[in-house]
Amino acid sequence: MQGRTRQNAGLLSRLRLPIFALIVVIIAFFATAASYILIRVQNDHTRDTAEQSMKFVYRNIWYQFDTMNNVAAFILSNPSIEGLLESEYPAAYEAVDDFFALQTNLQNLSLLSLLNGQGGGRVPTRSYVVSLALEPASGLYPMAPDRYDPSTGIYKSIDLRNQAWYRNLSEGKRQAEWWGQRAGAFNPAMIYAARKKTSIKDGRHIGTVIVGADTGSIRSIFENAKLAKGYHLLLDESDSVIFSERYSFLTPAGDLPYVSAATGASGSLVRKIDGEPHRVMYETFANGWKLLTVVPESHFNQYTFAISAIGAATAIVALLIAGFILNRIVVRVTVPITRLVGAMHRPAVLAFKEPLPEQNSGIYEVDELGQKFATMLVTLHGLIEKSFAEEIERRQIQLELLQAQINPHFLYNTLDLINCRAILSGDKETGGIVRALANMFRYGLNRGQTWISLEGEIRHVEAYLHIQRLLMDDLAVDIRVPDDLLTATMLHFCLQPLAENAIVHGFNGRTEGCRIAIEARLDGISLRLRVRDNGVGCDAEAMNRMLEERPAEEPEGAAGDGEAGEAGGAAAGSPAVASRDAVDGGGSGYGTLNVHRRIRLYCGEAFGLKYVQTAEGTCVEAVLPFRPNLTAASTSRED
């Protein structure tokens, strides 16, 4: 019982710890991945919200700038206003009606509300400030007041000539000027756009169109797109503040690090402000002004800790539940297996004197394991007995082969003696025949080896065909084998039966014009040997079916004897009889069917013989695995 307890504990620990570790890794991975995805989604959503707020502000400020440009463009291109400014008057009082008509037009234009469609809580009610600063070239110049007042009206340009923006317009350096300043009786913060008015007739400078707007409209835009954390910043070309929730009007901001770093038309960067990293997003308007949105990086990551804590808590709960379930499963599985192992170690069970005890664990797989293991033990016992009997039979065959080795040596010595006597008697032809017969037997026996080099197999079939050429009047042999394939190793005794079938069956009763061609080629991992003759021919498809349909268990030579009996009842030399004899060996005891079986036995079902349809005669191909430069190749070759 103590041994069983130790084994049970060992099996439990070996299963429980790795599986629990795997579950921990899986749960931790998914919890981390889920937390990471949620954090990224939340952070991206917060960043998108800040970007949408900036785009909202940008679009509405651009709309205001565009409206101011349109007002100025209307004045510059209106024909009636052009006529009033171009008119000449002999006396100043004659220009009074035209002056007040122009004044009325400017007042009507100034009544356009800046941002009535915004819907904010503080939509401004002030109108545009639309004014004309006239030059002496205009006929209305004498009627205009000398002093310029930043309100809607017509004035002389004398007070503006010292302004930098006015000089830039007059000298043609800029097409339009934008700036911010405090003006008027209540000193409000205003933004202005000015454009030069020239005569359509002769291009004379006759005035300057100035359109102004209160920054209260921009305040309304900023309040409608207020950020939870952070602020917006509208800067002019000199990096002075036009409006911001943090800085006052016209505060210089060019020295701020994040302002000087915001180069280019648009972009995003991270800079420290008051010791905390902030993300700065910026866009540039067509007039050169720039909108910046500054948001602390902590705002984007505000939910990171909460999501991480929830993910960690979920992972811990999942681990506790998984650990409890795992322990129950492992105990129910390992305890019956440990009991089975203890029963297997009993000597009575191993000696087949006592069966394995039945398992009643309640788990189908474990109980089935005990039953199948008992069946396996019985089967294993039978296989051991069968293997022992086969080993005894194999050793008996080896003894018989050792005893039979005397016969080939006696045959070689006898043939060599006949060859020597024929040469001494001057009968070289008989000596050549005997020598060829000796070579054929030598290569045919191959020292009892199953494998031989392709060169040795070719010499074997050459020796056989040499004898056949002496027996037949007109037999031509063409053997074509690449030199690099001669060292390849192949199954012994494949080509000679194919060549013999070509002579016996293909040339049955024929003595003239007989041709046999033997070729070898490499096809991927296969070595293909082809024997082709110009004999009576056969049906290649029927021959291939015969090879496949013959029962694999039919003993060698039996098929040949049976087919020989069939051939006796058929007309001699008929293609059907020749085909069957070629497969079975025609009673010789070793035909193409046996070659086909041997190749499949030693090389596998993917290899074997295959008849190829040809226009003349018969073509059979032996497909073997390509085995280059093996040691068996050199040991099987003899001169």
Side-chain angles (χ1 to χ4, degrees), residues 55-78 81-82 85 102-118 120 122-134 148-155 157 160 163-166 168-170 173-184 186 188-198 207-222 224-225 232-238 240-244 249-250 283-291:
K55 290 179 180 178
F56 173 83
V57 173
Y58 179 87
R59 284 195 302 268
N60 285 278
I61 294 178
W62 173 86
Y63 171 75
Q64 177 173 329
F65 290 166
D66 188 60
T67 304
M68 295 173 68
N69 276 327
N70 291 337
V71 172
F74 176 79
I75 296 174
L76 294 175
S77 61
N78 188 274
I81 295 177
E82 176 75 17
L85 294 174
L102 180 58
Q103 180 83 5
T104 301
N105 287 333
L106 296 182
Q107 288 176 351
N108 291 335
L109 288 173
S110 68
L111 293 177
L112 292 173
S113 179
L114 290 178
L115 294 168
N116 287 332
Q118 294 303 317
R122 297 182 59 186
V123 177
T125 58
R126 287 180 59 91
S127 302
Y128 286 108
V129 173
V130 183
S131 59
L132 267 172
L134 299 180
Y148 175 81
D149 184 69
S151 60
T152 300
I154 304 172
Y155 309 94
S157 62
L160 304 177
Q163 301 289 334
W165 61 265
Y166 180 84
N168 290 336
L169 289 176
S170 300
K173 294 180 179 179
R174 302 284 292 271
Q175 295 295 323
E177 282 285 345
W178 292 79
W179 72 96
Q181 72 177 54
R182 293 186 180 275
F186 299 99
M190 301 284 292
I191 57 174
Y192 291 95
R195 296 182 65 177
K196 180 180 178 181
K197 171 62 179 173
T198 58
T208 303
V209 179
I210 304 172
V211 181
D214 195 330
T215 57
S217 59
I218 300 177
R219 179 185 299 108
S220 175
I221 297 172
F222 278 35
N224 288 334
H232 299 292
L233 193 65
L234 178 63
L235 305 177
D236 62 10
E237 287 187 283
S238 62
S240 295
V241 177
I242 299 300
F243 190 84
S244 175
F249 183 64
L250 295 183
E283 290 280 350
T284 304
F285 296 95
N287 62 358
W289 290 18
K290 189 172 292 186
L291 175 65

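Bear in mind that the values here come from a model prediction, so they are computed numbers and not experimental data.
- For Ser238, the side-chain hydrogen bond (donor to acceptor under 3.5 Å, both in side chains) criterion is met by Asp236, Ser240, not counting sequence neighbours.
- Considering only residues two or more places apart in sequence or on other chains, Thr284 meets the side-chain hydrogen bond (donor to acceptor under 3.5 Å, both in side chains) condition with none of them.
- Counting heavy atoms from C-beta on, the side chains of Gln64 and Ser217 come closer than 4.5 Å.
- Applying the side-chain hydrogen bond (donor to acceptor under 3.5 Å, both in side chains) test to Glu82 and every residue at least two apart in sequence or in another chain returns Lys197.
- In terms of heavy-atom proximity, Ala213 sits nearest to Met68 at CB-SD, 4.1 Å.
- Scored by the ring pair (Phe, Tyr, Trp, His ring centres under 6.0 Å) test, Phe243 finds Phe222 as partners (sequence neighbours excluded).
- From Gln103, atom CD reaches atom OG of Ser131 across 10.0 Å, with rounding to the nearest 0.5 Å.
- The backbone N or O of Trp62 lies less than 3.5 Å from no partner atom in the side chain of Asp66, so there is not a single donor-acceptor pair.
- With rounding to the nearest 0.5 angstrom, the CD1 atom of Ile242 is 12.0 Å from the CG atom of Leu291.
- Going from atom CG of Asp214 over to atom OH of Tyr128 covers 12.0 Å, rounded to the nearest 0.5 Å.
- With sequence neighbours excluded, no residue forms a ring pair (Phe, Tyr, Trp, His ring centres under 6.0 Å) with Tyr166.
- Scanning all heavy atoms of the two residues, the minimum distance from Thr152 to Ser110 falls at OG1-CB, 3.5 Å.
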Task: From CA spacing to verdict: side-chain contact (heavy atoms from CB on, under 4.5 Å), Leu132, Val209 - done: CA-CA 5 Å; Leu132 267 172; Val209 179; 3.6 Å; yes
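- Under the 4.5 Å side-chain criterion, counting only non-hydrogen atoms from C-beta, Val211 is not in contact with Leu109.
- Expressed to the nearest 0.5 Å, how far CG of Leu233 lies from CG of Leu235 amounts to 4.0 Å.
- Scored by the ring pair (Phe, Tyr, Trp, His ring centres under 6.0 Å) test, Trp179 finds Trp165, Tyr192 as partners (sequence neighbours excluded).
- Residues that satisfy the side-chain hydrogen bond (donor to acceptor under 3.5 Å, both in side chains) test with Asn78, not counting sequence neighbours, are Ser80.
- Side chain of Ser157 to main chain of Leu134: a donor-acceptor pair is present (N/O by atom type, distance under 3.5 Å, no hydrogens or angles).
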- Item | Criterion side-chain contact (heavy atoms from CB on, under 4.5 Å) on Thr215 and Ile191, from CA distance to verdict | CA-CA 7 Å; Thr215 57; Ile191 57 174; 3.9 Å; yes
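- Judged purely by atom type and a 3.5 angstrom limit, His232 has no side-chain atom pairing as donor or acceptor with the backbone of Ile221.
- For Arg174, the salt bridge (charged side-chain N to carboxylate O under 4.0 Å, His left out) partners at least two apart in sequence or on another chain are Glu177, Glu237.
- Residues forming a salt bridge (charged side-chain N to carboxylate O under 4.0 Å, His left out) with Glu283 (at least two apart in sequence, or on another chain): none.
- Taken from OG1 in Thr198 to CG in Leu169, the straight-line distance is 11.5 Å, to the nearest 0.5 Å.
- A pairwise comparison of heavy atoms in Gly153 and Leu106 identifies O-CD1, 3.6 Å as the closest pair.
- In this structure, the side chains of Ile210 and Leu160 come closer than 4.5 Å at one or more pairs of heavy atoms.
- Contacts of Tyr155 classified as ring pair (Phe, Tyr, Trp, His ring centres under 6.0 Å), with partners at least two apart in sequence or in another chain: Tyr148.
- Note on ring orientation: taking the six-membered ring where Trp is involved, the planes of Phe65 and Phe285 are perpendicular (angle over 60°, cut-offs 30° and 60°).
- Counting heavy atoms from C-beta on, the side chains of Arg195 and Thr208 never come closer than 4.5 Å.
- How far CD1 of Ile75 is from CG of Asn105: 9.0 Å, rounded to the nearest 0.5 Å.
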